[in-house]
Amino acid sequence: MSEHENPGGDAVAPGAPGAEVAHVPGAPGAQQRTEHDRLVHETSEGPQGLLPRGATGTDELRREHGAVLRVPESHGAIDLDSAHVDVERPDDETMIINMGPQHPSTHGVLRLMMELDGETVLRTKPVVGYLHTGMEKTGEELTYVQGATNVTRMDYLSPLTNELVYAMAAEALLGVELPPRAVWVRMLLAELQRISSHLMWMATNGMDLGSTTMMIFGFREREMVLAFFEKTTGLRMNHDFIRVGGTAADLPDGWEDDVAVICDNVEARLEVYDELLTGQPIFRERVEGTGTLSAAEALALSATGPILRSTGVAWDLRRTMPYLAYDQVEFDVIVGTYGDNFDRYAVRLNEIRESVRIVRQVVQKMPGGPYRVLDKKVTPPPRARIDESMEALIHHFKLFTEGIRVPEGEVYVAVESPRGELGCYMVSDGSGKPYRMHIRAPSFVNLQSLPVMIHGGLVADAIASISSCDPVMGEVDR
Amino acid sequence: MSAASVVGSAPGALRAADGDPGVTGGDGTPGAAAGDPGAATAAPDASAAAPGAGAPGVPVLASAAGSTVYFPPRERYHDLLAARRDDGFELLADLCAVDYLVHPGRTLPDGVLPERFELVVVLRSVVARSMVRVRLQVPESDPEVASAVDLYPGAEAMEREAYDMFGIRFAGHPDMTRILMPEDWEGHPLRKDYAVGRVPVQFKEAPGPR
């Protein structure tokens, strides 16, 4: 690949300082070139990275100005005047710098290549894949019984939601009807998960913007939810609790009291957050009017979740395409107006309130009965039955060696995760393992709106926008 | 948008679309008013009533979930997406590929020849609250498909992932490079003939940092 042909290489910042250091005094210029080239090569993503202007086509440069949203003229969404595109800008006026993959504000291993004109961000390109471990390939090697342990590690801030979508996809292929208690237990856990995930976001967002108090507060409240998860599932994260056919166990005794304590505490603490951040002038200066995204842009870029809702589109799968029993509880879909960082903050803050509201209704309406399907071909028999019944032993053995036999077919199932539409496309060939298991990761898709959000803003605002995008890199790279 | 215009309207910056399941966000929203809902409201009813309306001659299946599945031939794929988009399916929710190498006997409607690869696209209509899917057969000998990026810019990363994992090329894609694997990686990992344990440790041969 013919990357970086510019002779000076001055636009490629990451390699340049290293080249100076490595330069041995008195060494011939040719050797310096080689050393420099080697460093450029080592830090380069090649064609995957952001190339200097000289090596970039006009079409690509137009994208900087929002032409990435090539909406047909008939829709009139984007009015792009070609005179606005500064194609002729020479390379030495701008600078390409790297942010990440090791950077505290990149939430893991997100690498952004940014072209800066002074402090202003012109072009941005997210470079991902540093955490890629082939989880979709692994998913084809695991049975339906084992599969939840794999998907739960994708979005590690809302593992239960991932288990939920995996189980729902397999159940759609199986065609089993869940007992009501399983549905409501799942809904309880999914909403508590949303609370914990949004609290975690509040914490990291606060830290990115310099409010370490918010970080401590967010983690403290999240810990209450995680303690309940530990009591229920045995683990704080990566639970493997929501399984095909129901859940792994019933809720622990006294769960109503635990949940009530969480609800009361979180609700009271949200008032404290309001005091600490929402009404605070310094915070509002940082987030208001920065990182704006219009509704048309968000839809064109396939953004979902709080990013899409902050632009004013009331699209929440819990309301628009209800699953579980979301059509039987009352809650509001929170939408913003301007699609800026403040709206995304406020949408998430108020979604915590709505989730608390749902959790309270779930506690009141929780039905009794079995917590999983009583079909021996789907869920294992109780442990005690294995000692008494030969049939139970055989079912148990078959389930855990071969997995659940899922009929042939393909299905796409989606749920509203804290980050947006979390989808699972599953193809079964009739065996005990999925033939293909694709996860539509909201973070991966939402990351595409980041360059549009931070174009034309300052680097400091870019930090706020990355944070408000809420990417979880385990899910982006899978 | 200037910061000043936002500051003044703080109390109204958020509004909750209340419990009623009617259209809550499309109206009265500054961002949306400038854009698509006008175009989107025109057709969703017609498309919901007659699934094949926008694409005569394309085999259609109504799946168990109640949503429509189209099986267009490759040359009509892009036109079909454009027609669906004009019908109000303005959100491309998902795009992924499947390699049917070792599972050839799947159920397809009459007239659709199974090929090795299949591209699956999920489209959503925000206004009509519905979903359609497109399943496109892609032959192994010439795995090239017209890119949907000009219609749905959000397809960019997903098409790059499909290229990276399956080697399906998208004609007209602005940046057809690998996205998850390193750029010099050989092979396409999610293909069924790509064995899991065949590749040595990833950066074994790479020179050290100094």
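Residue numbers begin at 1 in each chain, while the letters A, B, ... track the order of the sequences.
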Report yes or no: does [X] contribute a side-chain atom to a donor-acceptor pair with the main-chain N or O of [Y] at less than 3.5 Å?
| X | Y | result |
| --- | --- | --- |
| E90(B) | A300(A) | no |
| R440(A) | L95(B) | no |
| S302(A) | L91(B) | no |

At a heavy-atom separation under 4.5 Å, does [X] approach chain B through its side chain, its backbone, both, or neither?
| X | result |
| --- | --- |
| A303(A) | backbone |
| T304(A) | side chain |
| S428(A) | backbone |
| L317(A) | side chain |

Heavy-atom closest pair, residues [X] and [Y]:
| X | Y | answer |
| --- | --- | --- |
| F444(A) | A157(B) | CZ-O, 3.6 Å |
| R124(B) | A414(A) | NH2-CB, 3.4 Å |
| L180(B) | V476(A) | CD2-O, 4.0 Å |

Atom pair CE (M321(A)) and CZ (R129(B)), whose distance is rounded to the nearest 0.5 Å: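 That separation rounds to 9.0 Å.
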Point-to-point distance, once rounded to the nearest 0.5 Å, from CZ of R135(B) to CD of E410(A):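 Nearest 0.5 Å value for the CZ-CD distance: 3.5 Å.
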Per-residue contact mode, V102(B) against chain A (heavy atom under 4.5 angstrom):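 Both backbone and side chain of V102(B) come within 4.5 Å of chain A.
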Part of V122(B) lying under 4.5 Å from any heavy atom of chain A: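 Side chain only.
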Test: K125(A) and D175(B) ion pair at under 4.0 Å: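 The answer is yes: the pair qualifies as a salt bridge.
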Salt-bridge criterion met for E161(B) and R478(A) (N-O under 4.0 Å):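 Result for this pair is yes, salt bridge flagged.
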Candidate pair Y412(A) and V120(B), rule side chain to side chain contact (heavy atoms under 4.5 Å, CB included), full reasoning: CA-CA 10 Å; Y412(A) 178 82; V120(B) 185; over 6 Å; no
Chi angles and distances behind the side chain to side chain contact (heavy atoms under 4.5 Å, CB included) call for L301(A), E156(B): CA-CA 9 Å; L301(A) 287 165; E156(B) 194 192 337; over 6 Å; no
Pairs of heavy atoms under 4.5 Å with chain A: top-ranked of D99(B), L92(B), V98(B):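 Answer, by heavy-atom pair count under 4.5 Å with chain A: V98(B).
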Best-contacting candidate, G154(B), A97(B), A155(B), A82(B), against chain A by heavy atom pairs under 4.5 angstrom: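 Top count of heavy-atom pairs under 4.5 Å with chain A: G154(B).
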Residue pair R436(A) / L190(B), side-chain heavy-atom distance below 4.5 Å: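 R436(A) reaches L190(B) side chain to side chain.
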V427(A) side chain near Y100(B) side chain, heavy-atom distance below 4.5 Å: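 In contact.
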Most chain B-contacting option - heavy-atom pairs closer than 4.5 Å, from E408(A), K137(A), E330(A):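 Looking at each of E408(A), K137(A), E330(A) in turn, K137(A) comes out on top.
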Y435(A) six-ring face occupied by K192(B) cation (under 6.0 Å, within 45°):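 That pair qualifies as a cation-pi contact.
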